[in-house]
Amino acid sequence: MAYTSESFAELVSTVSGPVLQRGDAALPAEVAAQNTAVVHDPEVAVGAAEEADVAAAVRFAVANGLPVRVLATGHGSAVPVTSGVIITTSRLAGLSIDAEKAVATIGAGNRWESVVAAAAEHGLAPVTGASGHVGTIGYTLGGGLGPLARTFGFSSDYATSFRVVTASGDVVTASADENTDLFWALRGGKGGFGVVTSMEFGLVRLASLYGGSLFYDERDIPAVLRAWAAFTETAPEQATSSVAIVRFPPFEFIPEPLRGKTVISVRFAFIGDAVEAERVFQPLRDVAPAFLGRVGEVPASEISSIHNDPTDAGPSWDRGMLLSGIDDEFVTRFLEIFGPGREVPIIAAELRHLGGATARDVPGGSAVGGRSAAYSLVMIGAPDPALFDAVLPQIADGITAQLSPWVSTETNINFSSGSLAVPGLFEESWPAAVFERLAEIRRAWDPTHVFPYPDFPARGA
Ligand SMILES: Cc1cc2nc3c(=O)[nH]c(=O)nc-3n(C[C@H](O)[C@H](O)[C@H](O)COP(=O)(O)OP(=O)(O)OC[C@H]3O[C@@H](n4cnc5c(N)ncnc54)[C@H](O)[C@@H]3O)c2cc1C
């Protein structure tokens, strides 16, 4: 035990949420991650129920020389935490909407689905990610590229202030007026700065949009992929789209029309007039007969139905990267790797179209990585943990090498955090100057590395 029993007893008496130590029966559930392949086993877990609990946990950790990590949903958990303190944020559930100002104040325990639902009551919407199940803060700290990205930009562009418990255990506000260096870093710089307890987040006025997804048969994959690639060359900024080649396993829980099938899905969202939206989408609708799905008017409250990401916890492995562009040769290689008839333990290979508003920085700038990228690529591995340590990383390395002419030198931490143990990926998530400024800001706010980030050694290091 790397801490004194007196200091632990004092922590228990100060904190209003649960305080657990290694060996306690309730600890595994408290630190359970969405990615069940990662089992955290910290020395101490503090279930923060209020901001003061976070501060007390940080002071306890500092007094005992322990590192502090934050767990919201565990969607980003890639490596088990086996030391120090984990602060869980799910009880920090405060959420309020100022409808007039179109601003949400979001406690760190909220997932996007809560904010989407609360904002929709006022005809407003947050610029979210694909999945409503992902945590608001962890996602925003990495930037956040969602189904409306080309029209509205990175989600972090909408964060207007953060309340942060720093390494000293003090609470500070980071905004365009206060602690501006920290504010710059938190919009895209991800971890190693402190624990965010809440953020203020600008909402867009949006009651509905035109969007959804269509599924096409395996035989139509080449035609659909080529049509989508051509579509993205001229798509207006009002349109954000993506494609995914998905190999659905033959499991009972997969709905019948998809069970055991390899398909391509096209996802589309358009902000603006529905007639214009349908005209823009027409080439993708016409390219082949879709056997499932719908693209049409959707309430903003149902935005996560565009990607329909799974919400059940389970083992997961992914590798993501950004692309500087794609062309015919890229599509040919992509089809050779993931196309019809290929045997590859990647159950989904997804390409998203970026650009438009994602390329434009916010006034004052922010740390977000990926403004220069035109597309993203995410590969999701077969959900078999036996493949996670060696087989999938090796396959992903090989595919990345084959696609290297199109891979951007820049990436985005939300798309690479699943594989930060790959040497160099952490550093490459930001342009060199941004990376160095982030390191300086981390040194200034956390000189003794209370918040290690990334918190595991690179593979082979
Ligand atoms: C199904 C799925 C869909 C996704 N879709 C998208 C998408 O569309 N666009 C996109 O950009 N990303 C997407 N992601 C990636 C996602 O944004 C990251 O994994 C993100 O880190 C998840 O944050 P979390 O808080 O839910 O997860 P957690 O694993 O709980 O947290 C991840 C990290 O965020 C930091 N963190 C979380 N909360 C706090 C806090 N309060 N204070 C300080 N640090 C904190 C910590 O460093 C923590 O390790 C997706 C991931 C999954 C699994």
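Just so you know, ligand 1 is whichever comes first in the structure, and atom 1 is the first atom listed for that ligand. All values reported here derive from a predicted model rather than from experimental measurement. We number each residue from 1, following the sequence as shown.
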Is [X] in contact with ligand 1, taking contact as a heavy-atom separation below 4.0 Å?
X	value
Phe415	yes
Gly194	yes
Gly142	no
Glu350	no

Nearest heavy atom to atom 3 (C) of ligand 1: which of Asp309, Val196, Asn110 does it belong to?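 Of the listed residues, Asp309 has the closest heavy atom.
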List every atom of ligand 1 that sits less than 4.0 Å from any heavy atom of [X], numbering the atoms from 1 in the order shown and giving each element.
X	answer
Ser77	29 (O)
Ala72	25 (O), 30 (O)
Gly144	11 (O)
Gly129	8 (O)
Ala108	41 (N)
Gly74	27 (O), 28 (P), 29 (O), 30 (O)
Gly135	24 (P), 25 (O), 26 (O)
Leu141	43 (C), 44 (N), 45 (C)

Ring pair (Phe, Tyr, Trp, His ring centres under 6.0 Å) between Phe330 and Trp406, intermediate numbers included: CA-CA 7 Å; Phe330 171 87; Trp406 299 275; 5.5 Å; yes
Nitrogen or oxygen atoms of [X] and ligand 1 under 3.5 Å apart:
X	value
Thr73	yes
Asn414	yes
Ile137	no
Gly191	no

With heavy atoms under 4.0 Å as the rule, classify the contact between [X] and ligand 1 as side chain, backbone, both or neither.
X	value
Ala130	both
Val70	both
Arg352	side chain
Lys190	side chain

[Y]/[X] salt bridge by N-O under 4.0 Å criterion:
X	Y	result
Glu410	Arg371	no
Arg442	Glu440	no
Arg22	Asp41	yes
Arg319	Asp397	yes
Arg187	Asp361	no

Between [X] and [Y], does any side-chain donor sit less than 3.5 Å from a side-chain acceptor?
X	Y	answer
Glu237	Thr151	no
Trp445	Asn179	no
Trp228	Ser241	yes

Could you tell me how the ring of Phe268 sits relative to the ring of Phe281: parallel (under 30°), tilted (30 to 60°) or perpendicular (over 60°)?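 Answer is tilted, since the angle falls between 30° and 60°.
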If the plane angle is over 60° it's perpendicular, under 30° parallel, otherwise tilted; pick one for His75 and His133.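 Geometry flag for His133 against His75: perpendicular rings.
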side-chain contact (heavy atoms from CB on, under 4.5 Å) for Val134 and Arg111? Distances and angles first, verdict last. CA-CA 5 Å; Val134 165; Arg111 298 173 192 254; over 6 Å; no
Assess the pair Phe60 and Tyr3: is the distance between their ring centroids shorter than 6.0 Å?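 Centroid distance Phe60-Tyr3: below 6.0 Å, so yes.
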